Amino acid sequence: MNYYDKNISAFAFKNSLSLPFLNLIKKHYDTKEILVWQERFFELSSKEFLREYGLCQKDLENIIKFCLLENIKLGVSEIDVVSLDPVLCRSIFEEFGLKGRIYLKAKDIDDLPEIVKEFKSSKIELAVMVDPYLDGDDLTNTVSLYSGKYKLPVLVTLFDDLQKTGMLNSLFDMPPADYIEKVGLFDRDCSVYGGIYADKDDFAKIASYGAKVVVSLFDSLNLGKGVANVYSMKNMEIDVKLCSPINNNIIDEIKLAGVVNRGLLKDPTILKFDEVLEFALSERGKIEFDQKLYENVKIECEKIIEKLKEKN
């Protein structure tokens with residue numbers, strides 16, 4: 001039975017990584033420009049990014065709401081978000097009845113002690129995202145230190161890009177997975193975002209620590225990064241999770257995860273619908289979608305796009 005024989009909309013889903021700002025701009029910029037935006041997003045601290053592009057608190061609120069409502073519309077009831085303002089994002093999660101993690105960017109790690117206090121009584125989980133290539137050795141070690149101190153999960157961008165993977169090897173004079181092990185991130189309830197250019201030894205190390213691998217087939221293909229071998233990860237007993245950071249459509253990811261891997265490995269029998277569905281299923285029920293709120297937020301987001309185009 002293939003994907004199209006079943007009613008996917010009958011299920012509730014988890015989107016294991018979303019980038020609300022990049023989701024906002026995806027229809028207004030070409031792929032090359034999105035890559036530039038993405039790099040800028042992670043190069044700057046959140047305060048620097050908001051200041052550089054003239055975004056106020058209300059703009060940010062609308063950007064987050066737009067992203068979350070688009071997910072809810074597709075049946076997502078759990079979502080992990082990288083936020084420019086984790087405390088604001090947490091309040092919107094609670095307003096919408098969503099469950100999931102809110103990731104603080106590594107560049108904002110100095111704000112962590114105060115943010116931890118804001119999450120103390122919340123059911124929403126706080127976590128940290130780090131990219132060793134963009135964030136560097138010092139900051140990566142600081143993230144490991146802070147995440148250990150506050151017992152926070154960590155998402156590490158790794159093996160997501162061929163050039164970055166090679167440069168990390170040279171930069172740290174060891175395989176990237178060995179570096180992550182050395183700085184202690186694998187001991188921090190760790191997930192790896194990417195996994196495209198990991199080999200069997202890398203997968204074995206990731207599996208030995210019980211780390212998850214979070215993959216996006218659509219976005220990695222669309223951005224020209226390559227494609228994750230989900231079947232190989234599954235065979236190595238890695239807990240695979242699907243995400244849609246930029247395209248913001250977890251159903252596309254479910255469809256592609258099996259189809260692309262069957263083509264990649266030239267085997268029509270692998271990764272059947274039920275197997276792939278497990279990578280994105282939520283244990284929670286669906287959340288009611290507010291069409292009127294969505295339309296209002298969409299109008300405000302169109303104004304934000306115009307402001308960004310003027311700035312850029």
Side-chain angles (χ1 to χ4, degrees), residues 16-17 19 38-39 42-43 80 82 101 103-107 109 127-217 219-221 223-243 245 253 257 260-261 264-265 271 279:
S16 291
L17 185 64
L19 299 167
Q38 184 180 43
E39 190 164 322
F42 286 108
E43 279 180 342
D80 297 343
V82 181
R101 286 179 178 173
Y103 285 105
L104 178 80
K105 295 195 303 171
K107 291 289 195 301
I109 198 69
V128 186
M129 184 174 185
V130 61
D131 183 329
Y133 177 76
L134 290 176
D135 293 320
D137 181 54
D138 287 347
L139 191 50
T140 301
N141 275 278
T142 302
V143 166
S144 181
L145 179 68
Y146 271 66
S147 60
K149 178 179 179 179
Y150 293 105
K151 296 181 173 55
L152 299 178
V154 178
L155 180 67
V156 184
T157 302
L158 209 63
F159 306 115
D160 63 313
D161 177 280
L162 182 58
Q163 185 178 10
K164 278 172 59 180
T165 301
M167 292 183 76
L168 274 174
N169 235 318
S170 301
L171 187 62
F172 300 123
D173 196 28
M174 66 181 75
D178 289 358
Y179 171 73
I180 297 305
E181 181 180 44
K182 179 186 173 185
V183 298
L185 286 172
F186 278 139
D187 296 315
R188 307 286 191 245
D189 187 4
C190 183
S191 299
V192 171
Y193 170 58
I196 299 169
Y197 296 101
D199 59 25
K200 285 187 176 181
D201 289 339
D202 299 320
F203 286 148
K205 181 154 288 187
I206 291 168
S208 72
Y209 281 94
K212 300 178 180 67
V213 177
V214 180
V215 299
S216 169
L217 280 295
D219 285 340
S220 61
L221 287 168
L223 297 178
K225 300 290 188 180
V227 59
N229 189 332
V230 176
Y231 183 69
S232 179
M233 294 178 193
K234 185 173 178 291
N235 279 350
M236 295 293 290
E237 298 185 348
I238 290 173
D239 188 359
V240 179
K241 299 296 179 185
L242 294 180
C243 69
E253 298 295 336
V260 170
N261 273 260
L264 181 70
L265 298 173
L271 294 177
F279 302 150

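Since the model is a prediction, treat every value here as computed from it, not as a measurement.
- Glu253 is not listed as a side-chain neighbour of Cys243, based on a closest heavy-atom distance of 4.5 Å or more.
- For Asn261 (side chain) and Val230 (main-chain N/O), a donor-acceptor pair under 3.5 Å exists by modelled atom type.
- Cys190 and Val156 get closest at one heavy-atom pair: SG-CG2, 3.8 Å.
- Within the model, atoms CD of Glu181 and CD1 of Ile206 stand 11.0 Å from one another, a figure rounded to the nearest 0.5 Å.
- To the nearest 0.5 Å, the span separating OH on Tyr179 from CG on Asn141 amounts to 5.0 Å.
- Between the CD1 atom in Ile180 and the CG atom in Asp187 there is a gap of 11.5 Å [rounded to 0.5 Å].
- Here the closest non-hydrogen pair linking Phe42 and Lys105 is CD2-CD, 4.1 Å.
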(message) Applying side chain to side chain contact (heavy atoms under 4.5 Å, CB included) to Val143 and Arg188, what does each step give before you reach the verdict?
(response) CA-CA 10 Å; Val143 166; Arg188 307 286 191 245; over 6 Å; no
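- Closest of all the heavy-atom pairs between Thr165 and Asp161 is OG1-O, 2.7 Å.
- Residue pairs that meet the side chain to side chain donor-acceptor pair (under 3.5 Å) test with at least one member in residues 230-243, sequence neighbours left out, are Lys234-Glu275.
- Residues Leu19 and Gln38 approach most closely at CD1-NE2, 4.4 Å, considering heavy atoms.
- The closest side-chain heavy-atom distance from Asp137 to Leu171 is not below 4.5 Å.
- Note: Asp160 CG to Tyr133 OH = 10.5 Å, rounded to the nearest 0.5 Å.
- Heavy atoms only, all atoms of each residue included: Ser144 and Gly184 are closest at OG-C, 3.7 Å.
- Counting heavy atoms from C-beta outward, Tyr193 and Leu17 have side chains that approach closer than 4.5 Å.
- Looking at heavy atoms from C-beta onward, Tyr146 lies out of side-chain contact with Val154 at the 4.5 angstrom threshold.
- Side-chain contact between Leu139 and Val130 is absent, with no heavy-atom pair separated by less than 4.5 Å.
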(message) Pair Asp131, Lys164 - check side chain to side chain contact (heavy atoms under 4.5 Å, CB included), show working.
(response) CA-CA 10 Å; Asp131 183 329; Lys164 278 172 59 180; 2.7 Å; yes
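- Using a 4.5 Å cut-off on side-chain heavy atoms (C-beta onward), Phe172 and Lys182 make no contact.
- The CG atom of Asp201 sits 8.0 Å away from the CE atom of Met236 when rounded to the nearest 0.5 Å.
- Judged by distance alone, the side chain of Ser220 and the main-chain N or O of Val227 form no donor-acceptor pair under 3.5 Å.
- With rounding to the nearest 0.5 Å, the separation of CG in Leu104 from CE in Met129 is 11.5 Å.
- Checked by atom type, the side-chain pair Tyr197/Asp202 shows no donor-acceptor distance below 3.5 Å.
- At a threshold of 4.5 Å between non-hydrogen side-chain atoms, the residues Leu155 and Val128 do not count as touching.
- Across all non-hydrogen atoms, the minimal contact from Leu158 to Pro176 is CD1-CB, 3.8 Å.
- Counting only heavy atoms from C-beta outward, the side chains of Ser191 and Arg101 approach each other to under 4.5 Å.
- A donor-acceptor contact shorter than 3.5 Å is absent between the side chain of Asp135 and the backbone of Thr140.
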